[in-house]
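To start, the structure under review is shown below, and the notes come after it.
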Amino acid sequence: MAAQNPGTELDLSWISKIQVNQPAVLRRAEQIQARRTVKKEWQAAWLLKAVTFIDLTTLSGDDTSSNIQRLCYKAKYPIREDLLKALNMHDKDITTAAVCVYPARVCDAVKALKAAGCTIPVASVATGFPAAQTHLKTRLEEIRLAVEDGAMEIDVVINRTLVLTGQWEGSDFIKTSTGKETVNATFPVAIVMLRAIRDFFWKTGNKVGFKPAGGIRSAKDSLAWLSLIKEELGDEWLKPELFRIGASTLLSDIERQIYHHVTGRYAAYHDLPMC
Amino acid sequence: MRTGVIGLILPPMFSFLEMMWRICPALAVGCTVVVLVPLGSPTPLLLAQLAGELGSFPGILNMISGPASLGPVLASQPGVQKVVFCGAVEEGRALRRTLAGMGPELGLVLGAESLLLLTETADVDSAVEGVVDAAWSDRSPGGLRLLIQESVWDETMRRLQARMGCLRGGRGLDGAVDMGARGAAAHALAQRYVCEAQSQGAQVFQAGDVPSDSPFFPPTLISDLPPASPCTQAEVPWPLVVASPFRTAKEALAMANGTPRGGSASVWSERLGQALDLGYRLQMGTVWINAHGLRDPAVPTGGCKESGSSWHGGLDGLYEYLRPSGTPAWLPYLSENLNYDIFGLAVPSTLPAGSETGPGPAPPFGLFVGGRFQAPGARSSRPIQDSHGNLHGYVAEGGAKDIRGAVEAAHQAAPGWVGQSPGTRAALLWALAAALERRESTLVSRLERQGVELKAAKAEVELSVRRLRAWGARSQTQGHSLQVAELRGPVLRLREPLGVLAIVCPDEWPLLAFVSLLAPALAYGNTVVLVPSGTCPFPALEVCQDMATLLPVGLVNVVTGDRDHLTRCLALHQDVQALWYFGSAQGSQFVEWASAGNLKPVWVNRGYRRAWDQEAEGAGSELELRAARTKSLWLPMGD
């Protein structure tokens, strides 16, 4: 995880001076998706890199220890062994960046990862996810319990009431949304957030991470996200310490693309292990 | 009515899309096209082959692949009715001079530099993306002149430099590159500019992942170029960006309008009022607000000043290839022995012939300059004779100094006149019409002395009054908004005044032609320097007496004298924005030749008389088109 953001004094003039021109940002978003295309072995390399950024997530009402276990195993072995061997990447220790679960399931996740011999962190959503309309006392208690259970990262949902009334908080990472909204991670929004991250870095020297979550399902999308980060923030941010993708089905699409690259054929659903 | 055969000359580095934008409207209205493409471009030849396979109409599209020197040869072929030249300014100038008198109309599209004006209330990150689009991508037509408000200078330079570091150059078809190369000539041009800028004390910053061998040139940012250095006046080549600071919006406008280029520009500001004000006051053909480089076939694209006055796209693009119904095909009227150096240089002296008998003539009319009658610089007058050969009166002998004074007065009156609402302009024209009516008897008697019958003279005066009123009413139309696909927000097609318009009236129809030319010029916001009919300038001078009381000072300036001499002065004047000449064939040829100086749009009659009393020729849409220039203003919207 990146060094903690020590934070700064709240200076609202930083925010009031910002201008964002929406049509121009929309045009930039279209450009990113259309212009940067990576092909062949470079595409395979970018896809494997994208895998290392994934926070493999399961946030359903019917999560139990069995699907958590399957998830953790998939986090340790995201791509089928023989495919990695064909790319000569089987010994590079490719795993996802983290596993993201509800607080009640943190114990199961920690246990499953330990059994698989995996050191990737367990991230827990907390603070009344996804609406965050609970008392401060219970929200703090949730975080404490999750950390006790072994979570190394916490996805905190900000109190939107405070936001809408102009009372701000700081963080190490900013996330586009909970992933449970109707509109989640879109490029125009991301562009504005990334520019803010860069400005903050230029002003204070502190690097804040970025995580788009929700709606990223195809491998092509993930490549567009990678090129966006690379263009707006640079290679320094292309590390799991500063960039995560919150996704669940994305991993299977990436695996299918890699399968196609290695074998030249399109995989059936049952060809690849589910997560 | 369609024009006929169009010759199209393309520059060494043209994009296929640009070529299509010029060919398609020509073909659509029924013209046939001959294109001269530079050597080494196979794609246009393939297009011509496909066109040839269309069967029923072989020969509608023809391509010649050859060196640039064939341009004048193509242009001077008999039968070519219009030539459109795209390329560098100096070559355009040379072509203008060569084609004087040859017959075809000349449309020029010159230069590729654009401008980006960044105010402190702009979204700087998005503006930086605009700079990338404008100068550092394959879609950019040329280099960029970047004006940045001082308060955001450091921030902008930092972001620009960071962004440049992310740019990648390489072979054009690789999807992961931003810019390719445009040939060794372009590389040499850019290199020369950078060296010169450095020798004049500029800072040069280059970045980006670009192969270091020719012809690849890295994205370049030049700053701290002294305003007085020659590089600031020269065109900025691709892929260079020259950045200069400004303090206030007023200064920015002065800097932006202070170059001979008048192509395209963008204004970046989140304050609506400021953005629109700058957009309207920039002297450019296309202005984008908070965007750069947007194009659409329905929107006219062109320029003013030395960017040439040929348009493509939209209504204006179609009018390029049309001419009024009934006009005959243009034939060459070249006069081989016209010496441009001495035409109109010397003023033949006009001593009164014979003795003056009869009642003493009225005191000589002065020149009407700056709102009042004044004596000419040369302190002499010329006699005007009536249809019986008797002396009609004396008018001033205007010269070069008087023309200079008249143009200055017109420029001084211009801002005020442009600022008037269309309603005020209409009211003034109607007031002038009323004054003409009151003066009817004087005007009729003047016309009668020149041999016009009483009935015809009265009809001429009446028609003149009606025309003034009609043009007054037409001054109401401002501009209209266009529908553009894929854009949220309006695009306005504005009709703006040309500036100072010089008019040399024909000898025939001394009152009607004078009014028919003056009224549209004024209705569209121009200020005028006018040379009236040579054989009978008196009706015009009578009207001046009314103009002295009704119109703002300097709006209309009337200079009498030797027509060739005055035409020479006006045609060579660098600060006259357009010239309408109705006189001899030789004069027309000279005007076309001399207009190459500042590339002013000219309208000549090639020595033919025009039927001023007919609606089509005297008050038709051609006058409306020529009296103003178009500007496209893009306003993308969204929040």
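Note that the structure is a prediction, hence the values are computed from the model and not measured. Residue numbers start from 1 in every chain, and the chains themselves are labelled A, B, ... in the order their sequence lines are given, proteins ahead of strands.
The minimum heavy-atom distance between A/N21 and B/E270, with the atom names listed, is ND2-OE2, 2.8 Å. Closest approach of A/V25 to B/D123, counting heavy atoms only: CG2-OD2, 4.2 Å.
Residues passing the side chain to side chain donor-acceptor pair (under 3.5 Å) test with A/K175 are A/D155, sequence neighbours excluded.
Side-chain contact between B/N290 and A/P23 is absent, with no heavy-atom pair separated by less than 4.5 Å.
Here the NZ atom belonging to A/K230 is positioned 8.5 Å from the SG atom belonging to B/C166, to the nearest 0.5 angstrom. The OG atom of B/S126 lies 10.5 Å from the CD atom of A/Q19; values are rounded to the nearest 0.5 Å.
Within the 4.5 angstrom heavy-atom criterion, no atom of A/V38 approaches chain B. With a threshold of 4.5 angstrom between heavy atoms, B/V132 does not approach chain A through any atom at all. At a 4.5 Å heavy-atom cutoff, B/I289 makes no contact with chain A through either its backbone or its side chain.
Other residues, nucleotides and ligands place no more than 12 heavy atoms under 6.0 Å from the NZ atom of B/K250. Within 6.0 Å of the CZ atom in A/R217, the count of heavy atoms belonging to other residues, nucleotides or ligands does not exceed 12. Other residues, nucleotides and ligands contribute more than 12 heavy atoms inside 6.0 Å of the CH2 atom of A/W202.
Applying a 4.5 Å heavy-atom cutoff, the residues of residues 187-198 of chain A that approach chain B are A/R195, A/R198. At a heavy-atom separation below 4.5 angstrom, chain A is approached by B/P636, B/M637, B/G638, B/D639 within residues 630-639 of chain B.
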| message | Show, in sequence, the C-alpha distance, side-chain angles and deciding distance for A/L26 and B/R488, and conclude whether the side chain to side chain contact (heavy atoms under 4.5 Å, CB included) test is met. | response | CA-CA 11 Å; A/L26 284 178; B/R488 274 198 77 213; over 6 Å; no
| message | Between A/E231 and B/R163, is the salt bridge (charged side-chain N to carboxylate O under 4.0 Å, His left out) condition met? List the steps. | response | CA-CA 8 Å; A/E231 290 233 326; B/R163 186 72 180 90; 3.5 Å; yes
| Full working for side-chain hydrogen bond (donor to acceptor under 3.5 Å, both in side chains) between A/Q31 and B/D133 | CA-CA 11 Å; A/Q31 239 186 41; B/D133 274 341; 3.2 Å; yes
Indicate every side-chain donor-acceptor pair of residues 151-162 of chain B with a distance under 3.5 Å to a residue at least two apart or in another chain.
unit_1 : atom_1 : unit_2 : atom_2 : d
B/S151 : OG     : B/E120 : OE1    : 2.6
B/E155 : OE2    : B/R159 : NH2    : 3.4
B/T156 : OG1    : B/V152 : O      : 2.5
B/R159 : NH1    : A/D199 : OD1    : 3.1
B/R159 : NH1    : B/D125 : OD1    : 3.1
B/R159 : NH1    : B/D125 : OD2    : 3.0
B/R159 : NH2    : A/D199 : OD1    : 3.3

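No other option in A/E232, A/R28, A/K39 has as many heavy-atom pairs under 4.5 Å with chain B as A/R28.
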